[in-house]
Trainee: 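Here it is: the structure, laid out below.
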Amino acid sequence: MSFPLLTVTAAVPAVGAVLTAAVPAARRTAAKWLALLFSLATLALAVLVAVRFEPGGARYQLTESHAWIADFGVRYELGVDGIGVALIALTALLIPFVIGAGWNDADPLETQSTRWRPTQGFFALILMVEAMVIISFEATDVFLFYIFFEAMLIPMYFLIGGFGDRAHAGSDENAAAQRSYAAVKFLLYNLAGGLIMLAAVIGLYVVAGNFSLQEITAARAAGTLDMATNTERLLFLGFFFAFAVKAPLWPLHTWLPNAMGEATAPVAVLITAVVDKVGTFAMLRFCLGLFPDASKWATPAILVLALISIVYGALVAVGQRDIKRLVAYASISHFGFIIMGIFAMTSQGQSGATLYMVNHGISTAALMLVAGFLISRRGSRLIADYGGVQKVAPVLAGTFLIGGLATLSLPGLAPFVSEFLVLVGTFVRYPVIGIIATIGIVLAALYTLVLYQRTMTGPVKAEVSGMHDLRLREVLVVAPLIVLLIGLGVYPKPLTQIVNPAVEHTLSDVHEKDPKPQVAVEAKNGEAAK
């Protein structure tokens, strides 16, 4: 039997979570280093997965398949395509930075009992989320995917509600109430989506007789599995609704600003840069793979919703007074671009959407973590409480600027490549949608530059005059992300060569090909006329 690399990659952070939680209460520093060690081990395994993956090989590689619940056709099946490899690498890459940025975020307050172990719990929950997200990217059994798709909500609920942002304006009681509200809203929204998906998963089993993604897609391609049109559409809607909540897509987005606003900055990164990517990934793998005809049927409506997300998220971000909520609404706009690229049904659009998932994760992590460092120094999330920071903390201001410029997709930084591909891929098939979506680019420049201007430039406010610059630990957290933003912006080939073959397979699932360029069509018609 070959080495179960995918299982081990997901199991290592899970084991790390258990061991971290078991560290004695007085050994907080040991718990932190243990969590960091396991996150780095997971990163090494993710690199090994990427190295062993052959872009030109089989669609799903490093596969594992074992009987699990045989009476119901449930199997423990894992496999990765290029899209899964890219997102596993993103997840494993970001978790060490999340742990490093949150190094002191969960240390107990003086008023708390020494028997309570918030530090151990905080880092154990982060590792548990990592394990569940990774196996979600690996699962090729629909039921197995569903279990971890839902299970990751539990540790996220405790990370939001139990380890909220300490830089909250207002009383401790008010802060606790708002954290509780944000955590419950996050849980209820996602549970509602998950319950609807569960009904669709059961319906899929009734129709197909098993939960294997590879068997179902193969049967559909061979014509041996025929779904009634209305059945396929209903099943598609059940899956898509759950993924749209997770993504999040307008109008199912309202939990995200609350959750990101009340969570610590590292947990906010975990939400939008890691967990939410499961939703958009699942649209590519399951919605298009299992229900190709229904996906094309729903495409016009989904593109309109994605377009609303792009413009609405950016517009609301412009008017935000809270730094973290601004980043949250910006992310809603960016997820609109990702979903638009997926359902443009072109190779450029879907390649751009996959790259956008990776690049958005890196750029949002850079911006949000630096924002967290800024907020922890001043003790406020309000933009109006800052001014002139670049004069007293130039390194902090500089990294904040680069993260912001990446958010607005400045050419030369990684998100530009993905956003450009999404717009090109959308325009060639839906030109009106592509043109209107460019409004999001203009608004992104507005909210990013206004945020930087109001916080970093101008006269130095008395409250920030004594602010110190980034410490060594903070520089070590942010610097690699900045390097990646620049490196992937200049040379994205390492990602595109892994992703593009998987995108071709996805397009073949829905029986779509890239439309021919209009210029070439007109030239051909002209030659025929002559």
Trainee: With a cut-off of 6.0 Å (strictly less than), are more than 12 heavy atoms of other residues, nucleotides or ligands near CZ of Phe158?
Mentor: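 Incorrect, the count does not exceed 12.
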
Trainee: Determine whether Leu235 and Leu290 make a side-chain contact, defined as any pair of heavy atoms from C-beta on separated by less than 4.5 Å.
Mentor: no

Trainee: Tell me, do Val133 and Val129 make a side-chain contact under 4.5 Å, heavy atoms counted?
Mentor: yes

Trainee: Step through it carefully: locate the ring centre of Phe400, locate the ring centre of Phe373, and say whether they are under 6.0 Å apart.
Mentor: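 Between Phe373 and Phe400, which both carry aromatic rings, the centre distance is not below 6.0 Å.
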
Trainee: Under a 4.5 Å cut-off applied to non-hydrogen side-chain atoms, are His360 and Thr407 in contact?
Mentor: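 No. Closest side-chain heavy atoms not under 4.5 Å.
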
Trainee: Can you confirm whether more than 12 heavy atoms, excluding those of Phe186, are under 6.0 Å from its CZ atom?
Mentor: yes

Trainee: Does Arg233 form a salt bridge (Lys or Arg N to Asp or Glu O under 4.0 Å) with Asp293? I'd like the steps, not just the answer.
Mentor: CA-CA 8 Å; Arg233 291 177 179 179; Asp293 296 333; over 6 Å; no

Trainee: Just so I know, are the side chains of Thr496 and Leu355 near enough to count as touching, which here means a heavy-atom distance under 4.5 Å?
Mentor: yes

Trainee: Is it the case that the ring center of Phe335 lies less than 6.0 angstrom away from the ring center of His253?
Mentor: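 No, they do not, as the ring centres are separated by 6.0 Å or more.
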
Trainee: Using only atom types and a distance under 3.5 Å, with no angle test, would you say the side chain of Ser309 pairs donor to acceptor with the backbone of Gly336?
Mentor: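 A pair under 3.5 Å: no.
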
Trainee: Could you tell me whether Tyr60 atom OH has more than 12 heavy atoms of other residues or ligands within 6.0 Å of it?
Mentor: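 Result for OH/Tyr60: enclosed.
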
Trainee: Check for a donor-acceptor pair, side chain of Ser295 on one end and backbone N or O of Cys287 on the other, with a separation under 3.5 Å.
Mentor: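 Side chain of Ser295 to backbone of Cys287, a donor-acceptor pair under 3.5 Å: yes, one is there.
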
Trainee: Strictly distance-based, threshold 3.5 Å: is any side-chain N or O of Lys324 a donor or acceptor partner for the main-chain N or O of Ala263?
Mentor: yes

Trainee: Give a yes or no on whether the backbone of Gly361 and the side-chain of Thr364 come within a donor-acceptor separation of less than 3.5 Å.
Mentor: no

Trainee: Taking the side chain from Tyr386 and the backbone from Arg381, do they hold a donor-acceptor pair closer than 3.5 Å?
Mentor: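 Checked: no pair found.
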
Trainee: Tell me, do Val274 and Leu90 make a side-chain contact under 4.5 Å, heavy atoms counted?
Mentor: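 Side-chain contact under 4.5 Å: no.
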
Trainee: Taking the six-membered ring for Trp, is the centroid-to-centroid distance between Phe286 and Phe145 below 6.0 Å?
Mentor: yes

Trainee: The test is salt bridge (Lys or Arg N to Asp or Glu O under 4.0 Å); show your working for Arg59 and Asp509 and say whether it passes.
Mentor: CA-CA 12 Å; Arg59 179 173 186 176; Asp509 286 340; 2.7 Å; yes

Trainee: Could you tell me if Glu262 and Tyr181 have a donor-acceptor pair between their side chains, going purely by distance under 3.5 Å?
Mentor: no

Trainee: Could you tell me whether the side chain of Leu191 reaches within less than 4.5 Å of the side chain of Tyr157, counting heavy atoms only?
Mentor: no

Trainee: Below 30° counts as parallel, above 60° as perpendicular, anything between as tilted: where do the rings of Phe143 and Tyr146 land?
Mentor: tilted

Trainee: For the backbone of Met227 and the side chain of Glu232, can you confirm whether one donor and one acceptor N or O come within less than 3.5 Å of each other?
Mentor: no

Trainee: Is the backbone of Gln320 close enough, under 3.5 Å, to the side chain of Arg325 for a donor and an acceptor to pair up by distance?
Mentor: no

Trainee: Side chains of Val201 and Phe239: closer than 4.5 Å at any heavy-atom pair?
Mentor: yes

Trainee: Are Gln348 and Val422 packed together at the side-chain level, in the sense that at least one heavy-atom pair is separated by less than 4.5 angstrom?
Mentor: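 A side-chain contact under 4.5 Å is absent here.
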
Trainee: Could you walk me through whether Glu419 and Tyr356 pass the side-chain hydrogen bond (donor to acceptor under 3.5 Å, both in side chains) check?
Mentor: CA-CA 7 Å; Glu419 192 165 281; Tyr356 215 133; 2.6 Å; yes

